[in-house]
J.: 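Sending over a structure as structure tokens; questions will come in a sec.
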Amino acid sequence: MCPRLNGEVWRMAREIAKVYEPQQIEPRWAEFWVKEALFKADAGARGPVFSIVIPPPNVTGSLHIGHMLEHTEIDILTRWHRMRGYNTLFLPGTDHAGISTQRVVVKYLADQGINYQKLGREEFEKQVWKWKEEAGGQITEQMKGIGESCDWSRERFTLSPEMSRKVREVFVRLFEEGLIYRATRLVNWCPDCLTVLSDLEVVHEERQGHLWYIKYSVVGTNEFLTVATTRPETMLGDTAVAVHPEDERYKHLIGKKALLPLMNREIPIIADEMVDREFGTGAVKVTPAHDPNDFEVGKRHNLAEIDVMTDDAHMNANAGAYAGMDRFAARKKIVEDLKAQGLLEKITDHTNAIGLCERSKTVVEPRISTQWFCKMQNLAAPAIKAVEEYAPGKENTIYIIPDNRRTEYLNWMHNIRDWTISRQLWWGHRIPAWYCKENKHITVARETPAKCATCGSSNLEQDPDVLDTWFSSQLWPFSTLGWPEETVDFKKYYPTTLMVNGYDILFFWVARMIMMGLHFTGKVPFRTVYLHALVRTGSGEKMSKSKGTGLDPVALNQQYGTDAMRFCLASMAAPGTDIILSDDKLASSRNFANKIWNAARFLFVNLDKFEQTGAKLEDLARPEVRAKAPYAAGGKIPLVDAWLFARLAATIEMVNDALSNCRFHEAAQGVYQFFWGDFCDWYIEWVKPELQSADRERATVAWKNLFAAFDAALRLLHPLMPFLTEELWHQMPQAAGAKSIALDKFPEVTVQWRRRFFCVFNQAARRLRRIFLVWKKDAEPGPEQPTEKQLSGSSKFLDAAALESVALIQDLITAARNIRAELKLDPKRKVSADCFVQNPTARKLIQANEEPILRLAGLSEIRYSSSSLNSAGGVVRSTAVFDLRISFGEGIDREAEIARLSKEIDRLEKDIRSKQDRLADPEFIKKAPQHVVDNLRATMVERQLEQKKLKSQLEQRQGRQAVGT
RNA sequence: AGGCCCGUAGCUCAGUUGGUUAGAGCGCUACCUUGACACGGUAGAGGUCUGGGGUUCGAGUCCCCACGGGCCUACCA
């Protein structure tokens, strides 16, 4: 049951706290949204579709700041679409995160003195599942806590039995198509995780190392051949020395043998084009079992492959005397021994990029191993095409935002290499391949086979390995929606609308989803990819919990409020730039939330006074209030009301435009500016007296417009700040009004009463024609994509005249305040002012709005002058339209005034001159568009007028000063 | 090695196809505890857009070079 839903909704508001306390409010709504299943998608419902699947976070993880950003962005877009009447699905889920989770559990067990290998596979898997059941709820609970509007009934897990079937289906199909194969290759091996890694899981790091120059004696001569290596320990597995075939220095040695030091093994000296004559000595030791290049050379020259290490990177029996040593200890010892034997020519410094395991940061060891691979080139081709051929509206193409990531994607895809998909782990999707123990046949099947497909033997053993985590997550957009079955969800929500995630997993995940989506469904998995920024620390590093540089979003949400966090992240989320979060910024967003809260307080607190005028609150409770706003009094819309709604309309258009391009920072800035600047600072201040006007009609109109605008502002803000706006909206007369209307006239809606809440209000109450942009009557979306006009039909409220008129009045008020500040007038003291306005329309406008001008500027009266004002006896501010003077002599600081005037005149002078120059240039007149020329000319005239006024004021000031002295 | 991005006010950053006086938040200065809000109000100071060259009637915006910072991809021992 809604915490705020009762008969006296808005009355409760009057006891509202002075400072917004999100901690009191957020948990209530978070729980409510989930409990009432308000975000459950209805595949049968009408309306254009907006569907999004979450990038599944690690099941055993907890919410970090990167999730907070990503989930905020997704939720903003989801709520925004839902409120506009889209059939919206936001599908949540988690990833089993093979290697990452296994490491966590291995460590957990180790901390308890348990060796996971001794535990055995079956028991270990049980432990991980247990761990998953216990820890796995954390992140989803956190997601609920921050109010993500997911459809929890559709939650998925990448390692569920359901997903497993799909993974097998995909594996078998790819195998049958020849795209998955088994091969023996030199792979990246992590000696700590004890598994093979894909190229992407190897991170490179520049490190200061050495080049060791080692002398190999040439058999049968007294010559030495010196090779340079960065890894002396691998020499134990050398099976050749290679030189360039054209290298004159070594040509005579080709075909001879070299004696491998320490091992006393004779190895051939071969010629290969691969050798770079410029590097080192131009002679290379060849270790096919421990270097990718050497591996290739070995294949070409039919060299033996001697693996000198164990799987945990210790030297093995092949390493002779060094067997049993750690690879780095062995290196040290080998260098010492070489030195002792006089075979170490020299050591030089050398920086090179070494490969580290992404997870353990252990130095990756290239190692020969038999693994499963996925052939990528054919899969990549259509995925390249889909992105290359993108055009707005073009079917089956993908739009990548921001643009530069698109280039990155294409570059990588064009150079794609086969993907190592097997992992020597226990936690993951087991590879559906069975080996016949009798004749080594391989059977790949969807279901566990009873016998070998080839020879019929039942002596089978399943491949012990599991699949790379990304193998299952790459299926996510369609596996979660029911594929391979043509389910209702799949038909309705696939392809998904949008994929939002960090650019760091563009290749890991996004690229693979595109390939698999196209391959298995024939359709792109999503139409747009938005790659968001990464949240970094102050020093520019990626935030990391292990380094202690991470910010805990849960704690920060508690401190500042989730809405403040969301707003803060959104306001910094400009595409393409990373984010550095700070307390300052969070505090500023929290202040904004508090501002909204207090604006609401103002409305609610003053309702009493409105009631005292004899008006009925029910007048405000009708939804038409919104539909008809701005409301008119005496047949006329009050100027400032027209202005506010024009500003609102402009803001809405801006926000819609921004959000449709994932420009969250613009949307945030737009609503901030509107709410704080326009609504609070100007509008509320301006209409305060009118709300209590004796003129009942004017007062009613003021209240209606105030509530209508506030209601609209809340809707506009809702995607960004869902908790606060939900809380406040339920205290609005509109909430009660909307509910009562629904009850009266739309019984079929009342059946689903619980859907009448703000967050989903528009979706369920579409019949009421209330959508996000509520006062746009025709904005109800049809079955197809809403038209441009429907989504931004507010232009009829873009009252240009109102915007201009109020801008003029604001200038006048600001000018008066400016003079007051300069004169250091007591803010309470009201003073009279003189005003000259040449333009009769402008003058009439000012006279018609004298009350708010006097009040907001702190003036007692305005005396209209018939000629331009000089600064005699006071201080003047002038624009091209008006002169305003306040005469209150004693406070004038003449020197400062002269300085200010001179500075201003100089600035104008520079400006005028540059404009004159440009206008005098015939090329400019000829080539620049007419409106630019016209504009320039008009502004120049204005500036000249202003400058003239200032000059005369300056002269006078100086003159008076002269008289005074 | 190749590719990409960034360098705008003291700080953190906006600035969409080149076009009036380059914006915001924080910080700073002055005044104000005014019946929504001091997590507030009012007014203000403060950048010539890293440097140099070019294209253009016009450049923070496009091109080239240099300097400084960051990122990604890559099997040079």
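Atom set for the values below is all heavy atoms of this structure, side chains included, hydrogens, waters and symmetry mates excluded. Convention: sequence-line order gives letters A, B, ...; per-chain numbering from 1. These numbers come from a predicted model, not from an experiment.
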J.: Can you identify which nucleotide, out of B:C39, B:G19, B:C37, has its nearest atom closest to the A:Val932 side chain?
T.: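 Nearest listed nucleotide: B:G19.
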J.: Using whole Å, report how far CG of A:Leu823 lies from C1' of B:G44.
T.: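 Going from A:Leu823 (CG) to B:G44 (C1'), I get 14 Å.
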J.: What interatomic distance, in whole Å, is found between P of B:A74 and the corresponding atom of B:G69?
T.: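 Roughly 25 Å separates the two P atoms.
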J.: Using modelled atom types and a 3.5 Å cut-off, is there a donor and acceptor pairing between side-chain atoms of A:Glu201 and backbone atoms of A:Ser198?
T.: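 Yes; at least one donor-acceptor contact below 3.5 Å.
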J.: Please measure how far the P atom in B:C26 lies from the corresponding atom in B:G41, and state the result in whole Å.
T.: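 My reading of the P atoms in B:C26 and B:G41 gives 9 Å.
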J.: Write down the distance separating the P atoms in B:A43 and B:C62, rounded off to the nearest Å.
T.: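 Going atom to atom, P in each nucleotide, I get 35 Å.
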J.: When all nucleic acid strands are considered with a 4.0 Å heavy-atom cut-off, which category describes A:Ala587: base, sugar-phosphate, or nothing?
T.: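 It contacts nothing in the nucleic acid.
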J.: Among B:G46, B:A77, B:G15, find the nucleotide with the atom closest to the side chain of A:Lys903.
T.: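 Selected nucleotide (nearest to the side chain): B:G46.
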J.: How would RNA chain B look in dot-bracket form, 5' to 3', counting Watson-Crick and G-U wobble pairs with both distances under 3.5 Å and writing | for bases paired to another strand?
T.: (((((((..((((.....[...)))).(((((.......))))).....(((((..]....))))))))))))....
J.: Whole-Å distance between B:C4 C1' and A:Arg405 CZ?
T.: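 It is 8 Å, rounded to the nearest whole Å.
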J.: Would you check if the side chain of A:Arg566 reaches a backbone N or O of A:Leu720 as a donor-acceptor pair within less than 3.5 Å?
T.: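 Present.
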J.: Are A:Arg855 and A:Trp682 in a cation-pi contact, defined as NZ or CZ under 6.0 Å from the six-membered ring centre and within 45° of the axis?
T.: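 The answer is no, since A:Arg855 fails at least one limit relative to A:Trp682.
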J.: Considering only heavy atoms from C-beta outward, does the side chain of A:Asn501 approach that of A:Leu531 to under 4.5 Å?
T.: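 Result yes, sub-4.5 Å side-chain heavy-atom pair found.
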J.: Regarding A:Pro929, tell me which of base, sugar-phosphate or nothing describes its non-hydrogen contacts under 4.0 Å with the strands shown.
T.: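 It contacts base atoms.
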J.: What distance, rounded to whole Å, do you find between the two P atoms, one in B:C5 and one in B:U42?
T.: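 Straight-line distance between the two P atoms is 41 Å.
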J.: Taking the minimum atom-to-atom distance to the side chain of A:Ser588, which one of B:C39, B:C26, B:U20 wins?
T.: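 Comparing B:C39, B:C26, B:U20 against the side chain of A:Ser588, the answer is B:C26.
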J.: Please work out which of the three classes, parallel, tilted or perpendicular, describes the rings of A:Phe675 and A:Phe592, given edges at 30° and 60°.
T.: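 Ring orientation, 0 to 90° scale: perpendicular.
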J.: Could you give the distance separating B:C72 and B:G15 at their C1' atoms, to the nearest angstrom?
T.: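 Approximately 26 Å lies between the C1' atom of B:G15 and that of B:C72.
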J.: Verify, without hydrogens or angle tests, whether A:Arg590 (side chain) and A:Asp563 (backbone) share a donor-acceptor contact under 3.5 angstrom.
T.: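 Side chain of A:Arg590 to backbone of A:Asp563, a donor-acceptor pair under 3.5 Å: no, none is there.
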J.: Can you check the A:Leu603 CG to B:C37 P distance for me, whole Å?
T.: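 It is 14 Å, rounded to the nearest whole Å.
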J.: Just checking, is any N or O donor in the side chain of A:Gln930 or A:Asp934 under 3.5 Å from an acceptor N or O on the other one?
T.: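 Note: A:Gln930 and A:Asp934 side chains meet the donor-acceptor criterion.
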J.: For a quick test of reading the model: is some side-chain N or O of A:Arg877 closer than 4.0 Å to OP1 or OP2 of B:G44?
T.: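 Negative; the distance criterion is not met.
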J.: How would you label the contact of A:Asp657 with the nucleic acid (heavy atoms, under 4.0 Å): base, sugar-phosphate, or nothing?
T.: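 Nothing, no heavy atom under 4.0 Å.
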J.: Between the protein and nucleotides 10-13 of chain B, list the N/O to N/O atom pairs that are separated by less than 3.5 angstrom.
T.:
| residue | atom | partner | partner atom | Å |
| --- | --- | --- | --- | --- |
| B:U12 | O2' | A:Lys585 | NZ | 2.2 |

J.: Apply side-chain hydrogen bond (donor to acceptor under 3.5 Å, both in side chains) to the pair A:Asp238 and A:Tyr216, showing each step before the final yes or no.
T.: CA-CA 11 Å; A:Asp238 283 4; A:Tyr216 289 23; 2.6 Å; yes
J.: Could you tell me whether the side chains of A:Tyr503 and A:Asp578 share a donor-acceptor contact shorter than 3.5 Å?
T.: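 The criterion, which ignores hydrogens and geometry beyond distance, is satisfied for A:Asp578 and A:Tyr503.
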J.: In this structure, how many angstroms lie between the P atom of B:C72 and the OH atom of A:Tyr503, rounded?
T.: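 It is 7 Å, rounded to the nearest whole Å.
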J.: Would you indicate what A:Trp676 reaches in the nucleic acid, counting non-hydrogen atoms under 4.0 angstrom: base, sugar-phosphate, or nothing?
T.: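 Here A:Trp676 touches the backbone only, sparing every base.
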J.: For A:Arg820, which contact category applies under a 4.0 Å heavy-atom criterion: base, sugar-phosphate, or nothing?
T.: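 Counting heavy atoms under 4.0 Å across all strands, no contact is made by A:Arg820.
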J.: Nearest of B:U48, B:A14, B:C37 to any side-chain atom of A:Lys910?
T.: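 Selected nucleotide (nearest to the side chain): B:U48.
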J.: Could you tell me the separation between the CH2 atom of A:Trp686 and the C1' atom of B:G41, rounded to a whole number of Å?
T.: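 The answer, rounded to whole Å, is 18 Å.
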J.: Atom CZ of A:Arg231 and atom P of B:A77: how far apart are they, to the nearest Å?
T.: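 Atom-to-atom, A:Arg231 to B:A77, this comes out as 11 Å.
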J.: Within a reach of under 6.0 Å around NZ of A:Lys830, are more than 12 heavy atoms found that belong to other residues, nucleotides or ligands?
T.: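 Counting other residues, nucleotides and ligands, NZ of A:Lys830 exceeds 12 neighbours.
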J.: Picking from B:C5, B:G25, B:G19, which would you name as closest to the side chain of A:Tyr672?
T.: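 Nearest to the side chain of A:Tyr672 among the choices is B:G25.
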J.: In whole Å, what separates the C1' atom of B:G2 from that of B:C75?
T.: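 To the nearest whole Å, 15 Å.
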J.: Using only side-chain N and O atoms of A:Asn591, determine if any of them is under 4.0 Å from OP1 or OP2 of B:G40.
T.: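 It does, given that an N or O in the side chain of A:Asn591 lies less than 4.0 Å from OP1 or OP2 of B:G40.
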J.: Under 4.0 angstrom, heavy atoms only, what part of the nucleic acid is A:Arg817 near: base, sugar-phosphate, or nothing?
T.: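 A:Arg817: backbone/sugar contact only, no base atoms under 4.0 Å.
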J.: Are A:Asp272 and A:His244 close enough that a side-chain donor and a side-chain acceptor fall under 3.5 Å?
T.: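 Absent: no donor and acceptor within the cut-off.
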J.: For A:Asn935, report the nucleic acid contact type (base, sugar-phosphate, nothing); a contact means any heavy atom under 4.0 Å.
T.: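 It contacts nothing in the nucleic acid.
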J.: Starting the side chain at C-beta, find the nucleotide from B:A77, B:A38, B:C72 nearest to A:Phe279.
T.: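 Of all the options, the side chain of A:Phe279 is nearest to B:A77.
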J.: Considering every strand and a 4.0 Å limit on heavy-atom distances, what is the contact class for A:Glu685: base, sugar-phosphate, or nothing?
T.: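 A:Glu685: base contact, heavy atoms under 4.0 Å.
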J.: So A:Thr287, base contact, sugar-phosphate only, or nothing? Heavy-atom distance under 4.0 Å.
T.: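 If one applies the 4.0 Å heavy-atom cut-off, A:Thr287 turns out to touch nothing in the nucleic acid.
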J.: Are OP1 or OP2 of B:U16 and a side-chain N or O of A:Asn661 less than 4.0 angstrom apart?
T.: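 No, because none of the side-chain N or O atoms of A:Asn661 sits under 4.0 Å from OP1 or OP2 of B:U16.
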J.: With RNA chain B as reference, determine whether A:Glu923 or A:Asn404 sits nearer its 5' end, using the nearest nucleotide of each.
T.: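 Whichever sits nearer the 5' end wins; that is A:Asn404.
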J.: Looking only at atom types and distance, does a side-chain atom of A:Lys285 sit under 3.5 Å from a main-chain N or O of A:Ala242, one as donor and one as acceptor?
T.: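 A pair under 3.5 Å: no.
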J.: Taking the side chain as C-beta and beyond, is there a heavy-atom pair between A:Met235 and A:Leu260 under 4.5 Å?
T.: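 Result yes, sub-4.5 Å side-chain heavy-atom pair found.
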J.: In whole angstrom, what separates A:Lys285's NZ from B:C76's C1'?
T.: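 Roughly 14 Å, once rounded to whole Å.
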J.: Quick check: does any side chain N or O of A:Asp294 sit under 3.5 Å from a backbone N or O of A:Thr287, one acting as donor and the other as acceptor?
T.: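 Such a contact is found between A:Asp294 side chain and A:Thr287 backbone.
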J.: Can you tell me how the ring of A:Trp597 sits relative to the ring of A:Tyr20, calling it parallel under 30°, perpendicular over 60° and tilted otherwise?
T.: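 Rings of A:Trp597 and A:Tyr20: tilted, as their planes differ by 30° to 60°.
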J.: Name the closest nucleotide to the A:Thr230 side chain, picking from B:C76, B:A77, B:A43.
T.: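 In terms of side-chain proximity for A:Thr230, the closest of B:C76, B:A77, B:A43 is B:A77.
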J.: Mind checking whether A:Tyr672 and A:Trp676 have parallel, tilted or perpendicular rings, split at 30° and 60°?
T.: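 Rings of A:Tyr672 and A:Trp676: tilted, 30 to 60°.
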J.: If you look at every strand shown and take non-hydrogen atoms under 4.0 Å, does A:His414 touch a base, only sugar-phosphate, or nothing?
T.: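 Contact class for A:His414: none.
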J.: May I ask you to say what A:Ala283 touches in the nucleic acid, namely base, sugar-phosphate or nothing, with a heavy-atom cut-off under 4.0 Å?
T.: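 Contact class for A:Ala283: none.
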J.: At under 4.0 Å between heavy atoms, how does the protein contact nucleotides 27-35 of chain B? Give one character per nucleotide, 5' to 3', with B, S or -.
T.: -----SS--
J.: From B:G46, B:A74, B:G25, pick the nucleotide closest to the side chain of A:Asp199?
T.: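 The closest nucleotide is B:A74.
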J.: Can you tell me, in whole Å, how much space there is between the C1' of B:G60 and that of B:U50?
T.: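 B:G60 and B:U50 have their C1' atoms separated by 12 Å.
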J.: Just compare B:G41, B:A14, B:C75 and give me whichever is closest to any side-chain atom of A:His665.
T.: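 Per side-chain heavy atoms of A:His665, the pick is B:A14.
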J.: Of the listed nucleotides (B:A36, B:C75, B:C72), which one gets closest to any side-chain atom of A:Ile684?
T.: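 The nucleotide sitting nearest to the side chain is B:A36.
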J.: Any side-chain N or O of A:Asn352 less than 4.0 Å from the OP1 or OP2 oxygen of B:A77?
T.: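 It does, given that an N or O in the side chain of A:Asn352 lies less than 4.0 Å from OP1 or OP2 of B:A77.
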J.: Mind checking if A:Lys926 touches a base, just sugar-phosphate, or nothing, with heavy atoms under 4.0 Å?
T.: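 Result for A:Lys926 = nothing.
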